[in-house]
Amino acid sequence: PTVQIDPVALKINPNIRETYVMPTANGAVTETYYRTDNAYYQPSEKSITFLPHSKALRKTGFSMSFWEVPMVASHEYGHHIFQSIVFGTQTSATTPALMSKKSGLMGGCFGDHETPSRKPKKNKIAQPRKVTLADVVGSYNEGFADLMSYYTLENNERGLSGVKCLEVSRDVNSATFFDGKPKNFSREAMASFFSTVEETARGCEVTQYQGIHVIGSIFAYSANRFLNHLTDSKDDKLAVTLLWAQAIKTNAPYLVLYTPENLNRALFAMFVKAGVKKLNKSLDNAICADLEKIYPGMTPSLSECKGLI
């Protein structure tokens, strides 16, 4: 079916200031920060914001503005496509349970995004961490955006060369994160992502599976690895990825009935089914065995793999 893709507005290098009142032993101090070194999509405004770079980042030798980096721009536009296909151009007209209220406002997609905000928090009793259906969909939204950039850009435009950690961790073709941890839906990764205990952020050098960009990177690498079994064509892979997004839209009334853990497994299984359908392929025992490595415990639910491994 035809999907309406509305125009998207660009905000390039805006000065966005955040002011917080920080409590101290002697009273309170007002601290002001400027948002830098990132890019993000805001579905409510249908806009992409490219924040300016800080002096610290420029000192590392990375001089290009993010709006000049093809992968960054294409990734953010990928969010706009996902929003348009899965949720429609009117954000209020779709299934709220699958939509992240933080979408586009989580701090961005390309900075040290897993670090908690510097905004002071009120003294409250710590609540157990809870992963929602929207968090799972948000993670796959990140992976979708990475795949969109990977399949629509030339090979020399795909990367984030010079951006610490991300040039490895967000490389769809890299089997590992910056610290060498493998990109797969391992039991360790899933236990961490769905844990009720909040991890302490340790910077981009250490892979922490509770971040939606980390899970999204696992999906993007795993989806591309699966498609490599079926085709060498970027156009074919792009077509499968778009068909998968449409399948999420079609099945949304049923997906809201899943637990977050089961939804995570189902979304990847849906991608496998989209690949088989779009490319008119069948799976063999070697492909199914590799899928089991990518996502341990998933293949028993795949009818395409039953009896093969």
Side-chain angles (χ1 to χ4, degrees), residues 11-16 18 33-41 48-79 102 104-119 138-139 141-150 153-184 186 188-189 192-193 198-222 224:
K11 300 179 182 180
I12 299 176
N13 291 350
N15 288 321
I16 301 177
E18 298 176 333
Y33 302 95
Y34 286 90
R35 299 187 70 186
T36 61
D37 305 329
N38 229 314
Y40 55 88
Y41 170 69
I48 298 173
T49 299
F50 300 95
L51 295 173
H53 287 328
S54 63
K55 291 181 179 179
L57 182 60
R58 292 193 180 279
K59 284 182 179 179
T60 67
F62 187 79
S63 59
M64 290 182 68
S65 297
F66 271 152
W67 65 270
E68 298 176 295
V69 180
M71 188 273 176
V72 175
S74 184
H75 171 97
E76 297 306 337
Y77 191 72
H79 283 315
K102 299 178 292 183
L105 300 173
M106 72 290 287
C109 296
F110 294 98
D112 193 8
H113 46 261
E114 311 304 352
T115 301
S117 169
R118 288 168 292 197
K119 183 177 181 180
S139 299
N141 186 345
E142 292 299 333
F144 174 91
D146 279 353
L147 289 172
M148 287 300 297
S149 67
Y150 198 70
L153 297 175
E154 298 297 329
N155 293 354
N156 62 348
E157 297 176 320
R158 291 170 165 178
L160 286 166
S161 179
V163 183
K164 184 181 179 182
C165 301
L166 300 187
E167 62 182 345
V168 176
S169 295
R170 296 292 286 281
D171 179 357
V172 171
N173 199 42
S174 173
T176 67
F177 290 100
F178 180 79
D179 60 0
K181 283 192 174 182
K183 288 182 182 176
N184 56 46
S186 65
E188 174 195 0
S192 176
F193 181 61
E198 193 87 35
E199 291 180 345
T200 301
R202 291 177 285 173
C204 70
E205 296 92 343
V206 179
T207 299
Q208 293 177 278
Y209 295 111
Q210 291 186 353
I212 63 172
H213 298 84
V214 173
I215 299 301
S217 294
I218 292 175
F219 166 61
Y221 166 75
S222 301
N224 183 62

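Because the structure is a prediction, the values reported are computed rather than measured.
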Using 0.5 Å steps for rounding, measure from the OH atom of Tyr150 to the CG atom of Asn173.
3.5 Å

If you define the side chain from C-beta out and look only at heavy atoms, does anything of Ser186 sit under 4.5 Å from Lys181?
no

When rounded to the nearest 0.5 angstrom, what is the spacing between OG1 in Thr200 and CD in Gln210?
9.5 Å

Test side-chain contact (heavy atoms from CB on, under 4.5 Å) on His213 and Ser169; report intermediate values, then the result.
CA-CA 10 Å; His213 298 84; Ser169 295; over 6 Å; no

Quick one: pull up CD1 in Ile215 and CD in Glu142 and give me the separation to the nearest 0.5 Å.
11.5 Å

Spatial distance of atom CZ (Arg58) from atom CE (Met64) [nearest 0.5 Å]
10.5 Å

Could you state the interatomic distance from CD1 (Ile48) to CH2 (Trp67), rounded to the nearest 0.5 Å?
13.5 Å

Quick one: does Gln208's side chain get under 4.5 Å of Val214's, heavy atoms only?
no

Any Asp146 side-chain heavy atom under 4.5 Å of Ser217 side chain:
yes

Kindly indicate, with the supporting measurements, whether the criterion ring pair (Phe, Tyr, Trp, His ring centres under 6.0 Å) is fulfilled by Phe66 and His53.
CA-CA 8 Å; Phe66 271 152; His53 287 328; 4.7 Å; yes

Answer whether the closest heavy-atom distance between the side chains of Leu51 and Tyr40 falls below 4.5 Å.
yes

Check whether any side-chain heavy atom of Glu68 lies under 4.5 Å from a side-chain heavy atom of Phe50, and answer yes or no.
no

Lys164 NZ: over 12 foreign heavy atoms closer than 6.0 Å:
no

Straight-line distance of Asn38 CG to Glu76 CD, nearest 0.5 Å:
8.0 Å

Assess whether side-chain contact (heavy atoms from CB on, under 4.5 Å) is satisfied between Tyr209 and Glu188, documenting all intermediate values.
CA-CA 9 Å; Tyr209 295 111; Glu188 174 195 0; 3.9 Å; yes

